[in-house]
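Contents: one structure, followed by commentary.
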Amino acid sequence: MDSSEEHARCPARGTCPVFLAMSAGTVRYAPLGLCPALEGSLREEPWGTDSPPQPDQGLPPPLVAVPVPWKNTDPCQGHRESPGALVETSAGEEAQGQEGPAATQLDVLRLRSSSMEIREKGSEFLKEELHRAQKELKLKDEECERLSKVREQLEQELEELTASLFEEAHKMVREANMKQAASEKQLKEARGKVDTILFAEFQAWREAPTLDKTCPFLERVHREDVGPCLDFTMQELSTLVRAAVEDNTLTIEPVASQTLPAVKVAEVECSSTNTCALSGLTRTCRHRIRLGDSESHYYISPSSRARITAVCNFFTYIRYIQQGLVRQNAEPMFWEIMRLRKEMSLAKLGFFPQEA
């Protein structure tokens, strides 16, 4: 450096020290606060190497300049750095330049390691979530499959039930149509064959059913069927039996072989197990009758029993009609009564089942 070069400071700086380099190599020190006052007095004076330096008046004693790594960053300063400062700065920058790549590389490695760790943890978390989702999806698929099977089973049962209901409905309609056709046929037969007067009498009785023998319908049945069917040889006992049948107080009991009496119970009971009390004929009697609350029993033959039973069946049916237990039209009722009258006529002629 030129010995005449001096370090100047910008007036805008603070109190930083300013080093003044004289031509003889002596460094003058002046505080920055005094720089404005000393600008006029401190000047570079040419010294000779042979002349002794003159002491400065009114200035502090000289200080020895010590190289300090100092760098002014203010662009307004017009000084230059000292060689020592430049050397030290270059060495520091070189050290920093050597340490910088290693630190940067270390930071990069740390970032990479942290990134890989985060990536691995994220991958494990995603795998666990995927496994959980697959498990839940599998359970839902199984539940859907089970519900689908239940739905198919219910649909099949519903179809079978519907088919059975339709089949049953068709069957009932078919049976109703058949019954209606049969009733119409019977009505035509009734109107064309048995007797319109008898049917009219039955319809009149059906409007107000009664057991009084004075009504035309019952009076005809008593005269044509009931009377002849219960007309036995023993007239007195026949009258009692007819009255008990009409009053529904006659009882017919089977006779067991071990309970057959050895002697007669009363004088009125003149029959035995080998004699019919109504016909007086010698027959094997397997039944006996009891009239009302009487303790007397009368043994009857199978033929007598069939005649009594036919009359009892007729009176039982008309009692059901009177009580409102028969819910049919007039034609089926009429034909049922005709059938019962037919049984009384056959029993009166001696036609009856063998088990009687």
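Since the model is a prediction, treat every value here as computed from it, not as a measurement. Every heavy atom of this structure was used, including side-chain atoms; hydrogens, water molecules and symmetry mates were not.
The closest side-chain heavy-atom distance from Ile308 to Leu278 is below 4.5 Å. With contacts defined as side-chain heavy-atom distances shorter than 4.5 Å, the pair Phe352/Glu343 does not qualify. Ile337 has its side chain within reach of Phe314: a pair of non-hydrogen atoms, C-beta onward, lies under 4.5 Å apart. Side-chain atoms of Leu237 and Phe232, non-hydrogen and from C-beta on, never get closer than 4.5 Å to each other. When side chains are defined from C-beta on, Thr249 does not count as touching Leu291, because their heavy atoms never get closer than 4.5 Å. With contacts defined as side-chain heavy-atom distances shorter than 4.5 Å, the pair Leu139/Glu142 qualifies.
Of all heavy-atom pairs spanning Leu198 and Met338, the tightest one is CD2-CE, 3.7 Å. Between Arg319 and Asp247, the closest heavy-atom pair is NH2-C, 4.1 Å. Looking at every heavy atom in both residues, Ile300 comes nearest to Cys276 through CA-SG, 3.9 Å. Of all the heavy atoms in Glu219 and Lys213, the pair that sits closest is CB-O, 3.2 Å. For Ser238 against Leu230, the heavy-atom pair with the smallest separation is CB-O, 3.6 Å.
A distance-only check finds a donor-acceptor pair linking the side chain of Thr162 to the backbone of Leu158 [under 3.5 Å]. Remark: the backbone N or O of Cys285 is not paired with any side-chain donor or acceptor of Arg288 at under 3.5 angstrom. Judged by distance alone, the side chain of Thr239 and the main-chain N or O of Gln235 form a donor-acceptor pair under 3.5 Å. Between the Trp205 side chain and the Leu218 main chain, no donor and acceptor come within less than 3.5 Å of each other. Side-chain N or O atoms of Asp231 include none that pairs as donor or acceptor with a backbone N or O of Gly227 at under 3.5 Å. Between the side chain of Ser164 and the main chain of Glu160, a donor-acceptor pair closer than 3.5 Å is present. Thr309 places a side-chain N or O within 3.5 Å of a backbone atom of Arg305 that can act as its donor or acceptor partner. Formation of a donor-acceptor pair under 3.5 Å by the Arg307 side chain with backbone atoms of Lys348 is not found in this model. Listed for the Thr316 side chain is a donor-acceptor partner under 3.5 Å among the backbone atoms of Cys312.
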Report task. Check step by step if salt bridge (Lys or Arg N to Asp or Glu O under 4.0 Å) holds for Arg146 and Glu143. Result -> CA-CA 5 Å; Arg146 186 183 67 82; Glu143 184 67 16; 2.6 Å; yes
Report task. Please test Val221 against Arg341 for side-chain contact (heavy atoms from CB on, under 4.5 Å), starting from the C-alpha separation and ending with a verdict. Result -> CA-CA 8 Å; Val221 175; Arg341 293 185 65 184; 4.2 Å; yes
Requested in this report: Just do the salt bridge (Lys or Arg N to Asp or Glu O under 4.0 Å) check on Lys179 and Glu175 with the steps written out, would you?
Outcome: CA-CA 6 Å; Lys179 290 181 179 179; Glu175 292 178 354; 5.4 Å; no
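Aromatic pair His222/Phe315: centroids less than 6.0 angstrom apart.
Phe202 and Phe334 have tilted rings, their planes meeting at an angle from 30° to 60° on a 0 to 90° scale.
Salt bridge absent: Lys171 and Glu168 never bring a charged side-chain N and a carboxylate O closer than 4.0 Å.
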